[in-house]
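All chains are named by letter (A, B, ...) in the order of the sequence lines, taking the proteins before the strands, and each is independently numbered beginning at 1. Bear in mind that the values here come from a model prediction, so they are computed numbers and not experimental data.
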Number of protein chains: 2
Amino acid sequence: MPTPQPITRPQTDVAAELRSIALEMFAEHGYTGTSLQQIADAAGYSKSSVLYHFRSKEALFEEALAPSVAELEEFLDSIVEKATSGDSRAQFTADFVDLLLDHRLAAHIIINQGQTLSDIPTVDRARGLIDRIGESFMSGLPTTKQRIRLGVALAGAAYVMVASRPSATEIDDIDEVREALIDVVGELITPLSN
Amino acid sequence: MPTPQPITRPQTDVAAELRSIALEMFAEHGYTGTSLQQIADAAGYSKSSVLYHFRSKEALFEEALAPSVAELEEFLDSIVEKATSGDSRAQFTADFVDLLLDHRLAAHIIINQGQTLSDIPTVDRARGLIDRIGESFMSGLPTTKQRIRLGVALAGAAYVMVASRPSATEIDDIDEVREALIDVVGELITPLSN
DNA sequence: GCAGGCGCTGACCGATCGGTCAGAATAATC
DNA sequence: GATTATTCTGACCGATCGGTCAGCGCCTGC
């Protein structure tokens, strides 16, 4: 007999299911381009039911994004601890690419729709975190060239992850993508002279 | 007396004005996030008036995007003529960055909202053109690594141009941006071995 | 059995969406 | 000045938007 969960641990967490489906649809069709009705239909519930689990569309959006943003924040804090230990640069790049890959839907949303949705707190916070990457990683005031290299690396990586050719990334070539991304991001993010 | 235009050449082309305003708003708030009412208000006309000049919202969107897409197509044709003349690589990169800068709103829309709006003919055509860049520029079948480098370059550049820090790109540092973009795009797009 | 809470839903709300249409206002033609 | 196009607009349309609410079914604890 499998250990029965003593406290409430619904084997099918409806809220989590909705968050997952919503995140996917927000990434694919945009926040304004996705209606609660569409999310409800995709999940097999009624619109009212979605609004029973989440106060509003914006609340659903924020909760769907929150875990990824939290992990990004955690990642940044761990980076600051290590400071700029020099040779950990390569490790940072690999970890960062893995973070992006793990949260590619959220990353895609923040990068592509970030400016549009900057009045949503979680999105705004995420954008601030991205700025922190630049500040902490590049010594002192970043030059225009450095800012552009970082921007190209972030937006480019986010785009490639979701838009990679036809549809969803196939599992068998994800390692190839990962390797190529680490390569190109590392190249862009390494602070060159000037 | 300045030469009076013999045929109708309205000194203030309302349709062009609407296209311009609409393009800006579509880029900033997304296609689905921008309503005809908002465009009309921004232009100082009524919604009915906008629909007098354009058959539909989608038609306005397509016409606002069309000139940029046409110029991209022209650019690609001129590239094919030159074939791969080798040393013109640098020239290509500079021309390409200039093209992106000249049409940065349209580029931003196509890159960021392209997959969402791929059912709109002009957008779909533009995405096809972008694919052509990859095919024509990289010899034979592009490897995963090459495709990713191109994707990063395109999406990254498009992002930087519109999202470049606070708001609209200031005129005085546009040369600096241009230079940095040419540098980074050139670096990414140059087909390395493997 | 039954009371009560939880998950869920349909009906409904005001607002706004893209779009139509008849007609007012303006400009051009004779 | 009268006629005719050309712009432009308010009123209106059905559909959909995000969101509210009363209540239905169902499981649980007594």
Side-chain angles (χ1 to χ4, degrees), chain A residues 4-23 25-26 28-65 109 113 116-117 119-123, chain B residues 1 3-23 25-26 28-65 109 113 116-117 119-123:
Chain A
Q5 297 296 123
I7 320 190
T8 60
R9 200 319 208 110
Q11 57 188 44
T12 57
D13 190 334
V14 178
E17 184 188 356
L18 288 174
R19 275 192 298 267
S20 171
I21 291 178
L23 189 67
M25 298 185 71
F26 284 142
E28 188 167 348
H29 304 108
Y31 176 71
T32 56
T34 306
S35 70
L36 288 174
Q37 189 65 67
Q38 290 171 343
I39 295 171
D41 289 347
Y45 291 97
S46 71
K47 189 181 67 172
S48 305
S49 207
V50 175
L51 285 166
Y52 168 78
H53 290 284
F54 301 93
R55 190 179 355 104
S56 64
K57 182 188 182 183
E58 184 173 323
L60 167 57
F61 178 67
E62 293 210 67
E63 289 192 33
L65 228 48
I109 289 172
Q113 309 179 46
T116 299
L117 305 173
D119 52 339
I120 294 180
T122 301
V123 173
Chain B
M1 182 208 301
T3 325
Q5 296 297 123
I7 320 190
T8 61
R9 195 333 201 102
Q11 57 188 45
T12 58
D13 190 334
V14 178
E17 184 189 358
L18 288 175
R19 275 193 298 268
S20 172
I21 291 178
L23 188 67
M25 299 186 70
F26 284 142
E28 189 167 348
H29 303 108
Y31 176 71
T32 56
T34 305
S35 70
L36 288 174
Q37 188 65 67
Q38 291 171 343
I39 295 171
D41 290 346
Y45 291 96
S46 71
K47 189 181 67 172
S48 303
S49 208
V50 175
L51 285 166
Y52 167 76
H53 290 284
F54 302 93
R55 190 178 357 101
S56 65
K57 182 187 182 183
E58 183 173 323
L60 167 57
F61 178 67
E62 293 210 66
E63 288 191 33
L65 228 48
I109 290 173
Q113 309 179 47
T116 299
L117 306 174
D119 52 339
I120 294 179
T122 301
V123 173

According to a strict under-4.0 Å criterion, is Y52(A) in side-chain N/O contact with OP1 or OP2 of dG7(C)?
yes

Taking NZ from K57(A) and P from dA15(C), how many angstroms apart are they, rounded to a whole number?
19 Å

Nearest-angstrom distance from the residue atom CD of Q37(A) to P of dC13(C):
18 Å

From CD of Q38(B) over to P of dA15(C), roughly how many Å is that when rounded to an integer?
17 Å

Using a 4.0 Å heavy-atom cut-off across all strands, classify S35(B) as base, sugar-phosphate, or nothing.
sugar-phosphate

Take the protein atom CD1 of I39(A) and the nucleotide atom P of dG19(D), then report the distance between them rounded to whole Å.
11 Å

Ignoring backbone atoms, establish whether S48(A) has a side-chain N or O less than 4.0 Å from OP1 or OP2 of dC8(C).
no

Over all heavy atoms of both residues, which pair between A43(A) and E17(A) is shortest? Give the atoms and the distance, please.
O-OE2, 4.0 Å

Please pick, from dT9(D), dC8(C), dG18(D), the nucleotide with the shortest atom-to-atom distance to any side-chain atom of K47(A).
dG18(D)

Considering non-hydrogen atoms only, spot the tightest contact between L51(A) and K57(A) and give its length.
CD2-N, 4.4 Å

Is the Y31(A) ring parallel, tilted or perpendicular to the F26(A) ring (thresholds 30°, 60°)?
tilted

Do you know which of L117(A), L23(A), T34(A) makes side-chain contact (heavy atoms from CB on, under 4.5 Å) with F61(A)?
L117(A)

Given atom CG of D13(A) and atom C1' of dG7(C), what is their separation to the nearest angstrom?
13 Å

In whole Å, what is the span from the OH atom of Y45(B) to the C1' atom of dA25(C)?
14 Å

Sugar-phosphate only, base, or nothing, as touched by T34(B) at under 4.0 Å among non-hydrogen atoms:
sugar-phosphate

Check every strand shown and say whether L36(A) touches a base, only sugar-phosphate, or nothing at a heavy-atom separation below 4.0 Å.
sugar-phosphate

How many whole angstroms separate atom CZ of F26(B) from atom P of dG18(C)?
8 Å

Can you find a side chain N or O atom of S46(B) that sits less than 4.0 Å from OP1 or OP2 on dT9(D)?
yes

Closest non-hydrogen contact found for G33(B) with Q38(B) is O-OE1, 3.5 Å

Between C1' of dA22(D) and CG of L51(A), the distance in whole Å:
16 Å

